[in-house]
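By convention in this document, chain letters (A, B, ...) are assigned in the order of the sequence lines, proteins followed by strands, and residues within each chain are numbered from 1. Just the heavy atoms: all of them, side chains too, but no hydrogens, waters or symmetry mates, feed the values below.
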Amino acid sequence: MPELPEVEVVRAGLEPAVTGARVEAITVFDQRSLRRHDGPSEDFVDQLTGRTIVSAERRGKFLWLPLAGHGLDAGPQALVVHLGMSGQVLLRDRATDDNLTRIRIELEHVDHGPLRLNFVDQRIFGSMAIDSLAPTVDHPEQLVPSAVAHIARDPLDERFDDRLFYERLSRRNSGIKRALLDQTLISGIGNIYADESLWAARIHYEQSAASLSRAKARLLLAEVRLVLAKALGEGGTSFDAQYVNVNGASGYFSHSLNAYGQQGNPCPRCGTLIVRESFMNRGSHFCPKCQRLR
DNA sequence: AAGTAATCCTGATCGC
DNA sequence: TGCGATCAGGATTACT
């Protein structure tokens, strides 16, 4: 499941290829991949065709490509991409097709020549959209798409406010895993890295957020950053070939996971068997000895 | 208002 | 060989 490290790998891979590239043509194979676009697919095609991509940006799990020039509403815009559960952005030559491609974007780059972006998404939880860019509340020089405005900065963002995070945690009555997955509190964390971070900090996923001491909250945030940075350094985590980086090579570090998907295997710290419980329509993996509910 | 549940969505895989 | 059941969970919407 693409989370912050996987999305960042995609962003970094796309950046040199799309910066300065012009959109020549678009084919929408499945309109459901435009669910978040405000308008029909013809509108998406009209607005994007002929535009030049300026850069590749990311916050949390959202990725966007700012566009040169202005839209009909006279404001700055971006192509916003969310990979959802199974989305991939594959950088190809003009002759390469991919199974389950929902949207295809043909680019012309001044240095790299003709390119093709295939937006592949089996489960169609991901999406593309043209969105307007607006200043962020805490740093008005920085623009983000309106669809991204409500989420918090991610923990690898240098402007992430640690103190604010601790304060909001201390006022939360729900379990800590719920809080970690709440993108308006801290963005970029999904099920895999939530379980991995909680294992590293030795916290039970249902421990109430407000009950954590400040020291424990600090430890958790530090472990979140370590887990994300480690995964990022290794190119993301991949399962069942659902996640593929921008060059089409599968991520490869799933074997390094300590808790996620490890039910029935011994905890790498104490040897107790890792347990999987159902929670929020997904799995929670933890060590029942290291991660006790207090 | 804050917290939680429901909803969307499909193809690879498996057992029979 | 075919077919139905199973499985994965991010973000948004709709509730309580």
Side-chain angles (χ1 to χ4, degrees), chain A residues 1-8 10-11 28-38 58-64 80-89 98-103 118-129 131 144-154 167-198 205-211 224 228 231 236-244 250-251 254 257 259-264 276-286:
Chain A
M1 330 314 149
E3 303 181 27
L4 187 154
E6 291 80 13
V7 180
E8 174 57 23
V10 172
R11 189 208 64 77
V28 179
F29 298 103
D30 196 319
Q31 307 226 4
R32 292 173 299 177
S33 292
L34 292 175
R35 187 178 310 142
R36 303 181 58 131
H37 179 76
D38 183 22
R58 181 191 59 75
R59 175 178 288 189
K61 303 171 205 172
F62 281 88
L63 169 69
W64 67 94
V80 181
V81 185
H82 198 291
L83 300 177
M85 285 287 299
S86 53
Q88 305 167 34
V89 181
D98 290 289
N99 195 26
L100 306 179
T101 297
R102 310 300 187 186
I103 298 172
N118 285 335
F119 180 69
V120 173
D121 190 10
Q122 184 209 123
R123 276 167 262 183
I124 321 187
F125 276 26
S127 64
M128 283 187 159
D131 197 4
V144 297
S146 66
V148 181
H150 69 289
I151 77 167
R153 290 179 182 274
D154 62 64
E167 277 168 24
R168 294 186 66 189
L169 265 193
S170 70
R171 284 183 263 113
R172 280 244 164 176
N173 292 311
S174 55
I176 184 61
K177 182 167 175 181
R178 271 202 139 85
L180 287 181
L181 294 175
D182 181 348
Q183 304 297 302
T184 68
L185 182 63
I186 182 170
S187 67
I189 303 171
N191 204 39
I192 296 170
Y193 298 119
D195 282 0
E196 289 299 302
S197 302
L198 289 168
Y205 69 96
E206 286 188 303
Q207 187 74 42
S208 99
S211 74
V224 164
L228 294 178
T237 301
S238 160
F239 299 94
D240 307 324
Q242 288 301 330
Y243 166 73
V244 179
S250 190
S254 58
L257 296 173
Y260 183 87
Q262 302 305 304
Q263 62 271 23
R276 180 186 195 273
E277 289 181 0
S278 205
F279 168 73
M280 282 177 77
N281 257 347
R282 61 204 64 177
S284 268
H285 314 74
F286 66 103

Item checked: Pair of N/O donor and acceptor under 3.5 Å linking C:dA8 base with A:Arg123 side chain -> yes
Item checked: For atom CE of A:Met280 and atom P of B:dA6, their distance in whole Å -> 12 Å
Notebook entry, point to check: Got more than 12 heavy atoms from elsewhere within 6.0 Å of CG, A:Asp38?
Noted result: no
Next item on the list: Under the salt bridge (Lys or Arg N to Asp or Glu O under 4.0 Å) rule, collect the residues that match up with A:Lys61, sequence neighbours excluded.
Entry: none
Note to self: Mind checking if A:Asn173 touches a base, just sugar-phosphate, or nothing, with heavy atoms under 4.0 Å?
What the structure shows: sugar-phosphate
What's touching nucleotides 12-16 of chain C from the protein side, N or O pairs under 3.5 Å?
residue	atom	partner	partner atom	Å
C:dT12	OP1	A:Arg36	NH1	2.8
C:dT12	OP1	A:Arg36	NH2	2.5
C:dT12	OP2	A:His150	NE2	3.2

Item checked: Rounded distance [0.5 Å steps], NZ in A:Lys177 versus CZ in A:Arg282 -> 7.5 Å
Margin query: For a quick test of reading the model: is some side-chain N or O of A:Arg282 closer than 4.0 Å to OP1 or OP2 of C:dG10?
Written below: yes
Notebook entry, point to check: So does A:Arg172 pair up with A:Asp182, basic N to acidic O under 4.0 Å?
Noted result: yes
Next item on the list: For A:Phe279, enumerate each residue passing the ring-ring contact (aromatic ring centres under 6.0 Å, His included) test, keeping only those at least two apart in sequence or located in another chain.
Entry: A:Tyr205
Next item on the list: Using atom CZ of A:Arg168 as one end and atom P of B:dA1 as the other, report the distance to the nearest whole Å.
Entry: 15 Å
Next item on the list: Output the single nucleotide from C:dA8, C:dA11, B:dA5 whose closest atom is nearest the side chain of A:Arg178.
Entry: B:dA5
Notebook entry, point to check: Reckon A:Asn281 touches a base, only the sugar-phosphate, or nothing at all at heavy-atom distances under 4.0 Å?
Noted result: base
